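Data first, discussion second: the structure below is written as structure tokens.
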Amino acid sequence: MRRLLPLIGTPGSHPGGRSALTCRFRCGDACFHEVPNTSDNAYVGDVIAGAIGRRSMMRAAAVVTVATATGAAVVGTGAQDARAAQAVEGGAAARTGHTVDKAARGLRFSPVAPNTADAVTVPGGYGQNVVIRWGEPILRGAPAFDPEHQTAKAQAGQFGYNNDFLALLPLPGERGRQLLVANHEYTDEVLMFRGYDPANPTREQVEVAWAAHGLSAVVVEEDRRTGRLTAVTRHALNRRVTATTEFRLTGPAAGSDLLKTSADPTGRKVLGTLNNCSGGTTPWGTTLHGEENFNQYFANASRDTDKRYGLGTGATERKWERFDKRFDVAQEPNESHRFGYVVEFDPYDPSSTPRKHTALGRFKHEAATVRLTDDGRPVVYTGDDERFDYFYKFVGSKRMRHGSSRSVREHNLSLLDEGTLYVARLTGDSPAADIDGSGKLPADGEFDGSGEWIPLVTATARGAVSHVDGMTVEEVLVFTRLAGDKVGATKMDRPEDIQPSPHTGKVYVVLTNNTNRGKAGSAGADEANPRNANKHGHILELTERRGRAEATTFGWSLFLVAGDPADPATYFAGFPKDRVSPISCPDNVAFDPHGNLWISTDGNQLGSHDGLLGVATKGERRGELKQFLTVPTGAETCGPIIQDRRVLVAVQHPGEIDGASVEKPASNWPDGPGKIVRPAVVSVWRTDGCDIGV
């Protein structure tokens with residue numbers, strides 16, 4: 001067996017708790033490269049620092065580390081894992097008074113304790129099943145999965161790798177069925193191919209990886225008796241989109257010289273989508289997908305604009321540039337400009353061409369979530385998942401139309417091409433001298449602030465105008481990070497998912513972590529961030545002025561500062577800290593039917609596996625945080641969907657631990673010993689048939 005390239009460190013030693021393997025294949029070791037944002041813009045941490053100390057002092061509550069109870073239902077990975085999960089059951093809930101009946105509606109379950117079981121662990125009284133795994137055939141003619149003889153042709157008809165964002169859409173006329181759409185963010189070649197040589201991948205391996213990226217649409221069917229959800233193979237709506245599928249560039253930058261290549265002199269057609277992370281659904285029945293760490297796929301970059309986007313100067317990890325010159329910036333300098341957008345996909349039309357919306361800007365999009373203004377115009381929130389980068393809002397100028405005719409659908413598919421793109425600037429009200437990175441109370445006793453949306457570009461049917469001095473419309477939309485630098489946007493701690501509440505209209509901005517904060521040469525603590533070396537992350541709550549989605553100003557307040565509840569720097573919206581679950585590195589979020597925010601984690605720094613937690617956002621139990629499930633060894637929790645009677649999660653990169661390979665797996669999930677580890681989608685339900693958490 002050929003030895004893999006050296007891997008550095010142990011699980012948890014890399015930023016955000018990720019393994020070296022994750023850093024290599026997911027984001028191209030982004031945390032070990034120089035921070036792309038070298039501007040002197042304000043840092044968001046300044047806006048929060050005093051809030052934690054103030055609220056902690058006002059509460060004067062005793063702080064106790066939480067160890068809560070679980071019923072530990074487990075996806076089949078063997079008796080040993082089941083015993084490990086069951087070992088966390090016990091009397092901790094009684095010690096804390098954290099009972100099921102008193103919890104917020106929707107959160108009435110026995111919380112799962114932190115654990116390291118190689119399993120999906122759920123509360124007692126809940127069942128689960130694997131809905132679909134990497135490699136399962138979904139298109140007509142696709143063969144059964146054979147990991148020892150995988151081909152690109154086979155993979156193009158099978159469910160892709162490393163499922164992330166999930167959407168579950170209705171299927172009128174098909175009782176008990178829904179349409180599942182999944183992102184496939186990236187590939188772990190060392191966990192996919194036996195004997196993989198990172199220095200010399202074969203063409204077949206590279207082409208399999210191309211086919212394993214992208215999106216999948218697959219119809220799923222529920223068993224009303226048990227709650228199981230299973231894939232319907234070879235349905236007419238099932239579809240795969242890969243790294244070689246044709247896409248259409250739309251919006252003001254489409255056709256720009258910055259987007260033209262030798263293969264596409266029009267600057268309007270792109271092959272493929274890469275590194276799709278989180279996304280969103282639209283009120284008009286499509287799905288949105290954020291192209292995130294696209295930089296890692298492009299070799300031999302040299303320009304300052306490439307550096308601002310994190311492109312490397314040498315060969316890439318996957319060596320795709322050996323097999324297609326479009327991944328070599330030295331040969332195709334504009335190809336990388338055609339990635340980093342929000343993709344719109346119409347899952348109800350298998351013949352449709354997916355679109356990349358340039359009007360929403362180009363950066364490492366983590367998500368794209370939509371709400372409507374009172375008069376029916378779309379507003380899209382999206383974050384740039386990079387240390388010290390920004391978050392954005394797009395306000396459309398055209399109203400959504402209702403109906404299902406072709407003309408209505410074509411109109412709605414153009415809604416994200418006209419409007420104004422904004423970037424956020426947050427303002428605090430405490431003197432800089434009051435902020436020392438410890439989270440202690442500033443002298444003014446305030447814990448909130450204000451913000452404004454700074455316009456970058458406005459596009460109309462008659463044309464577009466740049467609001468950034470010295471940059472054209474095309475430059476702003478292709479080099480959006482530089483535009484944010486110029487207008488003084490506020491630096492954030494890796495903006496991930498951004499979700500507006502359908503119940504209150506408040507907007508929740510998830511900041512996963514930033515271990516570089518406060519280091520020499522990097523921005524230090526400020527009022528929007530309580531801690532230097534922020535390894536656990538936090539969540540901000542924004543309130544648009546007068547509750548209007550199109551507002552250009554907003555208020556903000558501290559909602560949650562993650563970490564061990566025993567840490568004085570943590571904060572849970574004022575809820576007693578001896579009655580919450582610990583949380584580290586919040587990532588994707590979603591709302592349940594009761595208005596609770598459900599948070600999936602990525603890179604837990606507290607010594608346990610990642611998981612899914614629910615937190616009340618309103619009422620007397622606001623801030624009550626409870627863990628609902630944990631995922632297997634090396635895995636990340638992604639794409640949560642919370643319905644009345646079902647929770648879905650994407651279990652991404654199980655077994656992604658330093659030194660792991662096909663020959664030496666770090667996880668046996670989901671199919672047990674002797675089987676290749678496979679990312680998969682999991683469904684969870686109450687075994688008594690009642691609603692989740694009530």
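The basis for the numbers below is simple: all heavy atoms, side chains too, and nothing from hydrogens, waters or symmetry mates. These numbers come from a predicted model, not from an experiment. Here, residue 1 is the first one in the sequence, and each next residue gets the next number.
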**OP:** Please test T233 against E136 for side-chain contact (heavy atoms from CB on, under 4.5 Å), starting from the C-alpha separation and ending with a verdict.
**Re:** CA-CA 9 Å; T233 60; E136 291 190 17; 6.0 Å; no

Subject >> Presence of salt bridge, R133 and D671, under 4.0 angstrom >> reply: yes

Original post:
Can you list every salt bridge (Lys or Arg N to Asp or Glu O under 4.0 Å) pair that touches residues 637-650, not counting sequence neighbours?
Top reply: E222-R646, R645-D691

**OP:** Look at E386 together with K364 and state whether they make a salt bridge at an N to O cut-off of under 4.0 Å.
**Re:** yes

**OP:** Determine, for R355 against E344, whether the closest basic-nitrogen to carboxylate-oxygen distance falls under 4.0 angstrom.
**Re:** no

**OP:** Go through the steps for D602 and T637 under the test side-chain contact (heavy atoms from CB on, under 4.5 Å), then give the verdict.
**Re:** CA-CA 7 Å; D602 173 18; T637 323; over 6 Å; no

Subject >> The single option from W210, F145, W134 passing ring pair (Phe, Tyr, Trp, His ring centres under 6.0 Å) against Y161 >> reply: W134

Original post:
side-chain contact (heavy atoms from CB on, under 4.5 Å) with L613: which of L629, T630, L625?
Top reply: L625

Subject >> Nearest-0.5 Å distance that lies between atom CD1 in I599 and atom CD in E496 >> reply: 12.5 Å

**OP:** Check E321, R318, R326 against Y297 for a side-chain contact (heavy atoms from CB on, under 4.5 Å) and give me the one that passes.
**Re:** R318

Original post:
Are any of the side-chain nitrogens in K153 or E207 under 4.0 Å away from the carboxylate oxygens of its partner?
Top reply: no

Original post:
Of all residues at least two apart in sequence or in a different chain, which pass the side chain to side chain donor-acceptor pair (under 3.5 Å) check with Q643?
Top reply: Q178

